[in-house]
Amino acid sequence: MRLALLALLAKEPAHGYELKQALEQTFGAAYPQPNIGQIYVTLGRLEQNGLIQGQDVSQSSRPNKRVYEITEAGRAALAGWFDEPTEGPRVRDDFFTKLALAPGTGAADRVALINKQRRHYLNIMRGLSRLAAAEDRDNRIAHLLIEGAMLHLQADLDWLERCQEELE
Amino acid sequence: MSRPGPSVAAVPPPDAMLWVKDLVKVHRAQGVPSHAVRHVDLQVDRGEFVAVMGPSGAGKSTLLHLLGGLDRPDSGEIWLDGRRVDGLPESRWAVLRRRSVGFVFQFSNLVANMTAADNVELPALLAGIPPRQARARREELFAELGIEDKAGSTPAGLAGGEQQRVALARALVNEPGLLLADEPTGSLDSRNTRDVLRLLSRFHERGQTIVLVTHDARVASTADRVISLFDGEIADDTAVGPPSGTSNGVADVLRLES
C-alpha cells in the first residue's frame with residue numbers, strides 16, 4: 001500500500017480519508033480495502049522516511065486534518081517502483097507437492113486431491129463472477145482487476161486438467 | 001474410480017428435466033472406434049443451471065448434441081421432462097427441438113437474409129404460435145436483452161455480442177423447458193461474455209433450466225453445478241457457490257501490495 005499511496009499523492013496532496021476513498025473508487029469492491037488506521041500508520045512511516053510531508057489544516061468545527069504532499073525523495077522512490085519489472089506469479093507449489101507425494105502415503109489419492117482443488121478454485125471463481133456482476137459496469141480498473149484474478153484461476157484450472165490427464 | 005457428487009435416481013424422478021442413464025456414444029474415425037461418451041449417468045432437475053467442463057476432446061459437445069437430439073447415442077436412455085426420447089425418430093425430435101429444447105452455439109447461426117426480428121419470430125410461428133403473440137414475445141425478449149432497436153437489422157449489421165443476444169432470444173422464444181448452450185461466449189470478447197453470462201443468470205433466476213458446455217472456468221462458474229468430463233466420463237460433479245465465510249475479493253488469487 002505504501003507505493004499506492006505515494007502514487008496517489010504524486011497526483012495531488014490529500015488527507016488520509018481522501019486517500020482511502022481514492023483507493024476504493026479506483027479498485028472497486030474486489031480489492032480488500034485497507035482500513036483508515038492502516039492508512040494513517042503507513043502515512044506516518046512515509047513521513048518519517050521523508051517521502052511525504054504533512055501539514056495540519058484547521059477545520060472550523062472538527063479536529064485538524066493532516067494534508068500530505070509528496071517530496072522529491074518520494075518522487076524518486078515512486079520512479080524506482082515504476083522502473084522495476086514486477087515479480088511474476090509462481091506455481092502453487094504446496095498443492096503440487098501434495099500431488100507429487102500423495103501416492104503410497106495412504107493419506108490421499110491424486111484424483112481426490114485434484115477434484116478437491118478444482119472445487120476450491122471454482123468456488124473462488126464463482127465469488128469473482130458475483131463481484132464482477134455487482135461492480136459498476138464502467139469501472140474499467142475494477143473489472144480488469146477481477147478479470148486478472150479470473151485468468152490466473154483459469155490457468156490454475158487448466159493446469160489441474162493437465163495434471164489429471166497425465167497422472168490419472 | 002469414485003464419482004463424488006449428486007447421484008442419479010434409479011428411475012426418472014418427476015422433478016427431473018433431464019435424466020440420462022448409461023449413455024454411450026462411439027465415434028468411428030477411419031474404422032477405429034473411439035469412445036466419445038462412456039457410460040454417462042446424469043440428472044438435471046427443473047430450474048438447475050449446470051455447466052459441463054473439460055478439455056477439448058473430452059466429449060462435452062457430443063454429450064450436449066446427444067441431449068438435444070442432434071446426434072444419436074449407441075446405447076443408454078435419455079428422458080426429457082418425463083418422456084423417453086432417445087429412440088424417437090428425427091421428425092419427432094424436430095418438433096421437440098422447436099418446442100421443448102432451445103439451443104445456443106458458439107456462432108449465432110442466424111439466417112443472413114432475414115431481420116433479427118424475423119430470425120426470432122419465425123421459429124415461434126413454426127411452433128404454431130399466432131403471429132401477434134410471436135411478435136409480443138420477441139419484443140419482450142429483445143427489450144430484456146437490450147436489443148429492442150435492432151429488430152430491423154440483418155445479422156451482418158449486428159456486432160458479435162448483439163448477434164449472440166438474438167440467438168439467445170431465438171432459443172428462448174418458444175419457452176423451452178431446457179436451454180442447451182455450447183460455448184455460447186466462445187467467440188465474444190470479455191465484456192460481451194460478461195453481458196451474455198449475466199443474461200443467462202437472469203433467465204436462470206426466473207426458473208430456466210440450463211445445461212451449458214464450456215472449456216472456460218469463468219463461464220462455468222456462472223452455473224450452480226459443474227460437471228467435469230474427462231475422456232467421455234464424468235470425473236466430478238459438484239455444486240459451486242462462493243467460498244463460505246470468506247469474501248476476500250481477488251485476494252485469494254492476486255495480491256496487490258507493495
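Below, read A as the first sequence line, B as the second, and so on, with proteins coming before strands; counting in each chain starts at 1.
- Environment of NZ in A:Lys65: crowded, with over 12 heavy atoms of neighbouring residues, nucleotides or ligands closer than 6.0 Å.
- Other residues, nucleotides and ligands contribute at most 12 non-hydrogen atoms within 6.0 Å of the CZ atom of A:Arg62.
- In terms of heavy-atom pairs under 4.5 angstrom with chain A, the leader among B:Asp231, B:Asp224, B:Leu197 is B:Asp224.
- Both the backbone and the side chain of A:Arg137 have a heavy atom closer than 4.5 Å to some heavy atom of chain B.
- Residue A:Arg130 holds its CZ atom at 10.0 Å from OG1 of B:Thr222, rounded to the nearest 0.5 Å.
- If you take OG on B:Ser228 and CG on A:Leu122, they are separated by 6.5 Å, rounding to the nearest 0.5 Å.
- In this structure A:Arg75 satisfies the salt bridge (Lys or Arg N to Asp or Glu O under 4.0 Å) test with no other residue, sequence neighbours excluded.
- With values rounded to the nearest 0.5 angstrom, B:Ser190 atom OG is found 8.5 Å from A:Leu144 atom CG.
- Contacts of A:Leu157 with chain B are made by side-chain atoms alone, with heavy-atom separations under 4.5 Å and no backbone atom involved.
- Annotation for B:Arg198: atom CZ counts as buried by contact number, over 12 foreign heavy atoms lying within 6.0 Å.
- Heavy atoms of other residues, nucleotides or ligands lying less than 6.0 angstrom from CD of A:Gln53 number 12 at most.
- Separation of atoms CG (A:Asp158) and NE2 (B:His215) is listed at 7.5 Å; rounding is to 0.5 Å.
- Chain A is approached within less than 4.5 Å, heavy atom to heavy atom, by no residue from residues 58-67 of chain B.
- Contact record, B:Ser221 with A:Arg126: O-CD, 2.9 Å, taken as the closest heavy-atom pair.
- Checked against side chain to side chain donor-acceptor pair (under 3.5 Å), A:Gln55 has no partners two or more places apart in sequence or in another chain.
- Within 6.0 Å of CD in B:Glu140 there are 12 or fewer heavy atoms belonging to other residues, nucleotides or ligands.
- With salt bridges taken as basic N to acidic carboxylate O contacts below 4.0 Å, one links A:Asp138 and B:Arg191.
- For the set A:Arg162, A:Glu147, A:Gln154, the entry with the most heavy-atom pairs within less than 4.5 Å of chain B is A:Gln154.
- Listed by chain and residue number, B:Ala51, B:Met53, B:Thr214, B:Val226 satisfy the side chain to side chain contact (heavy atoms under 4.5 Å, CB included) test with B:Ala220 (two or more places apart in sequence, or in another chain).
- Within 6.0 Å of CD in A:Glu72 there are 12 or fewer heavy atoms belonging to other residues, nucleotides or ligands.
- If you tally non-hydrogen atom pairs under 4.5 Å between each of B:Gly54, B:Ala223, B:Ala217, B:Ser201 and chain A, the highest count goes to B:Ala217.
- Proximity to chain B involves both the backbone and the side chain of A:Glu161, based on heavy atoms less than 4.5 angstrom apart.
- Nearest heavy atoms, A:Ala132 versus B:Arg194: CB-CD, 4.3 Å.
- Residue A:Asn115 comes nearest to B:Ala235 through the heavy atom pair ND2-O, 3.3 Å, listed as atom of the first residue, atom of the second, then distance.
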